[in-house]
Amino acid sequence: MAVERTDFIRDIIERDLEAGTYQSVVTRFPPEPNGYLHIGHAKSICVNFGVALDFKGKTNLRYDDTNPTKEDVEYVESIERDVRWLGFEPAAVLFSADYFGRMYELAERLVTEGKAYVCDLTDDQIREYRGSLTEPGKPSPFRDRSVAENMDLLRRMRAGEFPDGARVLRAKIDMASSNMKMRDPLLYRIRHAHHHRSGDAWVIYPMYDWAHPIEDGIEGVTHSICTLEFENNRELYDWVLDNTGPWTPRPYQYEMARLVLDYTVMSKRKLLTLVTGNHVNGWDDPRMPTIAAMRRRGYSPEAIRAFCEMIGIAKTNSSVDIDKLEYCIREDLNKTAPRVLGVLRPIEVELTGWKGGTEVLDAPFFPPDVGKPGSRQVPFSGRVLIDREDWSDDPPKDYKRLAPGRTVRLRYGYCITADEVIERDSTGNATKLRATVHMETGGGKNPEQKVWGVIHWVDAASSLPVEMRLYDRLFKVPKPEEGGQDFLEQIDPKSLEVVRGARVEASLAAAAVGSRWQLERVGYFVVDPDTKPGAIVMNRTITLRESAKAAVTAQHVAISEPTGRNPKAQTRPKTKSPQEQRMEARARDPELMTAHAQIAAMPVITADHADLLTGDMHTAKAFRIVADMVPPELAAKWMINELPRALGDRGIESVDAAELGKLLAAVHAGSLGPSAAKTVLAELVRTGRPFSELKGAAPTPAVDLGAAVEAVIAANPEKAAQYKAGKTGLLGFFVGQVMKTSPNADAAAVNEAVRERLS
RNA sequence: UCGGGGAUCGUCUAAUGGCAGGACGCAAGACUCUGACUCUUGCUAUCUAGGUUCGAAUCCUAGUCCCCGAACCA
């Protein structure tokens, strides 16, 4: 069985399906059509479509087009194209604009129920009334308008009677909420603007927080996956659903970390700046992180999907190495890109000893280890072109290419020995060589001379001119946005180098636009759409990996600056600790204060424990009951250290203190082992059944454990050997195994038995 | 705790009280008609301090650091 890919979202879905909460999974990918999709969206697409595929559900592509002033059909078209190109088929392509009518009806319903009101405050006033992170807001003076007045005003808003910004519809929730999103959030604003889809049908447009949950509800979305910055919106998401439903299925929102990638920027605003400021050549400039750009650069959808799988899904803010993306690209292209020959900066080589005429060599498209069939004909005559980088007048140590007097093999062809430089340019670089060709070295046979390496070449007569666009990372530094610097100044001027005199073998004459090739020893290339008949343009997708020894050219220096302190964090007000909260709770409640005094007075109870046990009345009462049945220190230890795990999300009031007391009495009496007791405790909390129905057995004496220990050791001889060799961490493994077969065993005794047996 | 999240190799991510694992990266080597690919070996981590437990990355306590939230954006 294949290893299951697991992440917290799939875990949740699996639980939901098992529990029968949902019969099937529906997700959605909800881009706003105000820009091109980028690699960060690719992650979201892979997650949303991926989980649906895994659980045989479906995924909608839904445009979250609730803001007519920012959106455009150009983006709508590019988005759908990119999603499909990535390899995903939306179950439906939908627009939130198509739900405007339904959303409006629900808004009227809210008004009718007194849960929403029309507010005439200006945007400045609204902000002011909202309060701050540390201070509550104050109610709008329009908060208590009558239902009739609100309805009248809302309808007139819709009818276009008021100018932009004159009024808004707000939910009536709680201006003092600690969650700013709940302080009477805006539901509708007036915008006399043309919408790319609904045209001029509406002059009021819903806000994201109102629209999104309703869209999910209408579409029957079960798991609404978004990024971390929407965590604060979840409470409002739930409020909207709860006050507009019932919805079946009821959607829930889950947040994951967005993708942050080295050497690039991802915000739409910055991407737009790059495009509109002509720092790049449009949204699909191959240096951009957009899907369209990556496609033009020669990345395959498979590689991008592999990358998205590699980086995983979690809630930790993280920044992914660009190496991982590049690895995925190379890995895919290595298996799929046919090999051909091409030289970037040609040097001409005249061959002496050539038999004359043109020979046609058969060269395979793939190396043997890729194992794919196919070959092409490569002409070879008395004049060849090699790459400038493959010639050195004064070769460094380890140079495996051509140099005076040295012999190399021309890939798939003959070995040649360099005789002399017969032409140099003004800067002294060789431009024309004479070399001797060893005719006996065809078909892989070696000459008498040492062969220093294998180099690529093209036939001077038949090769084709190509414009090569060599792309590299757009930015010079891994984090162009960091340190308060202007990201535009971090653009690497060398990120695009256009090479015009390049040549490729004749077989590429009819290469299709978009086809991907490996130019052997040079890199992976794709035929660019700018290609015209007789004028091929190729983009370098990525270089081949170079081992450190071969890296002659300057590397990108990874400047890892110490992460700057966040000013917000510094100004963060000093917060109250849980300890302070407990003290305050006691200050408010004299009864709790008394309980604390009493418990603290017990000689066996530490001050810390007394504090922890009297943070609220439920805990204090439970402790009193339990401490009457067993020694108080035992009660305290279990209630503080063991009970929380058994409770999980439940409150302490969900456990019957008297039953807990009975359980601990059994532990105290020795009729129930501590390990078994933890299991029983979990059951007690989970099922709510009385202890008498659950009680486990007393621990098995150590003398009975010998056989169990032997069995486990015999079943894992190699682990036993490792343990004896010093890997003592395996002790836990052995104890765990024994405990699995003998649940009533005394773990301490098992521990001792294993230790002795293996010493 | 204003409120909500988070912290595991250099990077990304597993381990849901029982072997800290995988991948990228890096290093060394093998192979090679691509200095590629492939293969072998190695490297490096549980934020800190206490506690509970036979056993803690995981539970409890105190602390540290980071992210998000006061658009009529999404």
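Labels below follow one simple rule: chain letters A, B, ... track the order of the sequence lines, proteins then strands, and each chain is numbered from 1.
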Checklist outcome for this item: Residues at least two apart in sequence or cross-chain that pass side chain to side chain contact (heavy atoms under 4.5 Å, CB included) with A/A116, listed by chain then number, are A/L110, A/V111, A/L169, A/L187

Next on the checklist: Between A/E520 and A/Q518, is there a side-chain donor-acceptor contact under 3.5 Å, judged purely by atom types and distance?
Outcome noted: no

Checklist entry - For atom C1', what is the distance between B/A57 and B/C47, given to the nearest Å? => result 12 Å

Next on the checklist: Heavy atoms only, 4.0 Å cut-off, all strands: where does A/G729 land among base, sugar-phosphate and nothing?
Outcome noted: sugar-phosphate

For residues 638-647 of chain A, please give each side-chain donor-acceptor pair under 3.5 Å, one per line with the distance, not counting sequence neighbours.
none

Next on the checklist: Over all strands shown, is A/Q518 touching base, sugar-phosphate only, or nothing at heavy-atom distances under 4.0 angstrom?
Outcome noted: base

Next on the checklist: Show the nearest heavy-atom pair for residues A/I713 and A/A720, with the distance to one decimal.
Outcome noted: CG2-CB, 4.1 Å

Checklist entry - At under 4.0 Å between heavy atoms, what does A/L612 touch on the DNA or RNA strands: base, sugar-phosphate, or nothing? => result sugar-phosphate

Next on the checklist: Over 60° means perpendicular and under 30° means parallel, so tell me whether A/F29 and A/H41 are parallel, tilted or perpendicular.
Outcome noted: perpendicular

Next on the checklist: Within 90° of 0 counts as syn, otherwise anti: where does B/A28 fall?
Outcome noted: anti

Item to check | Inter-nucleotide C1' distance (B/C26, B/C12), Å rounded | outcome: 16 Å

Item to check | Contact state string [nucleotides 11-16 of chain B, B base, S sugar-phosphate only, - no protein heavy atom under 4.0 Å] | outcome: BSSSSB

Checklist entry - A/T441: what forms a side-chain hydrogen bond (donor to acceptor under 3.5 Å, both in side chains) with it, not counting sequence neighbours? => result none

Item to check | Non-neighbouring partners of A/D369 that pass side-chain hydrogen bond (donor to acceptor under 3.5 Å, both in side chains), sequence neighbours left out | outcome: none

Next on the checklist: Which label fits A/F380 and A/Y414: parallel for a plane angle under 30°, tilted from 30 to 60°, or perpendicular past 60°?
Outcome noted: perpendicular

Next on the checklist: Taking the C1' atom in each of B/A7 and B/U58, what is the distance between them to the nearest angstrom?
Outcome noted: 14 Å

Item to check | Nearest-Å distance for atom pair NZ/C1', residues A/K181 and B/A71 | outcome: 9 Å

Checklist entry - With sugar-phosphate meaning primed atoms plus P, OP1 and OP2, does A/P367 contact a base, only sugar-phosphate, or nothing at under 4.0 Å between heavy atoms? => result base

Item to check | B/A30 versus B/C67 - spacing of their P atoms, nearest Å | outcome: 47 Å

Checklist entry - What does A/R191 touch in the nucleic acid at a heavy-atom separation under 4.0 angstrom: a base, only the sugar-phosphate, or nothing? => result base

Checklist entry - If we take the C1' atom in both B/A15 and B/A56, what is their distance in whole Å? => result 13 Å

Checklist entry - Contact class for A/I640 vs. all strands (heavy atom < 4.0 Å): base, sugar-phosphate, or nothing? => result sugar-phosphate

Item to check | P gap between B/G4 and B/A20, integer Å | outcome: 35 Å

Checklist entry - What is the nucleic acid contact for A/K678, judged by heavy atoms within less than 4.0 Å: base, sugar-phosphate only, or nothing? => result base

Checklist entry - Can you list the residues that meet the side chain to side chain contact (heavy atoms under 4.5 Å, CB included) rule with A/K335, with sequence neighbours excluded? => result A/E331

Checklist entry - Think A/R189 has a side-chain N or O under 4.0 angstrom from the OP1 or OP2 of B/A74? => result yes

Checklist entry - Can A/R339 and A/H456 be said to form a side chain to side chain donor-acceptor pair (under 3.5 Å), step by step? => result CA-CA 11 Å; A/R339 272 59 167 176; A/H456 57 278; over 6 Å; no

Checklist entry - Which pairs pass side chain to side chain donor-acceptor pair (under 3.5 Å) with one or both residues in residues 179-189 of chain A, sequence neighbours excluded? => result A/Y117-A/D184, A/R143-A/D184, A/N179-A/E235

Checklist entry - Does atom CZ of A/R191 have more than 12 heavy-atom neighbours, drawn from other residues, nucleotides or ligands, at distances under 6.0 Å? => result yes

Checklist entry - Can a donor-acceptor pair under 3.5 Å be found between the side-chain atoms of A/K70 and the base atoms of B/C73? => result no

Item to check | Close residues, residues 336-343 of chain A, relative to RNA chain B [heavy-atom separation under 4.0 Å] | outcome: A/R339

Next on the checklist: Please encode protein proximity along nucleotides 40-50 of chain B as a string of B, S and -, counting only heavy-atom distances under 4.0 Å.
Outcome noted: -----------

Checklist entry - By side chain to side chain contact (heavy atoms under 4.5 Å, CB included), which residues pair with A/L271, not counting sequence neighbours? => result A/H38, A/V265, A/L274, A/W283, A/M288, A/P289

Next on the checklist: Is the ring pair A/Y237/A/H212 parallel, tilted or perpendicular, if the boundaries are 30 and 60 degrees?
Outcome noted: tilted

Item to check | Under the side-chain hydrogen bond (donor to acceptor under 3.5 Å, both in side chains) test, residues paired with A/K724 that sit two or more places apart | outcome: none

Item to check | Whole-Å P distance, B/C43 and B/A23 | outcome: 14 Å

Item to check | Structure string for RNA chain B in dot-bracket form, Watson-Crick and G-U at under 3.5 Å, | interchain | outcome: .((((((..((((....[..))))((((((.......))))))...(((((..]....))))))))))).....

Checklist outcome for this item: Taking for A/L730 and for A/Y327 the nucleotide of RNA chain B with the nearest heavy atom, the one nearer the 5' end belongs to A/L730

Next on the checklist: Does A/S177 reach a base, just sugar-phosphate, or nothing at all? Heavy atoms under 4.0 Å.
Outcome noted: nothing

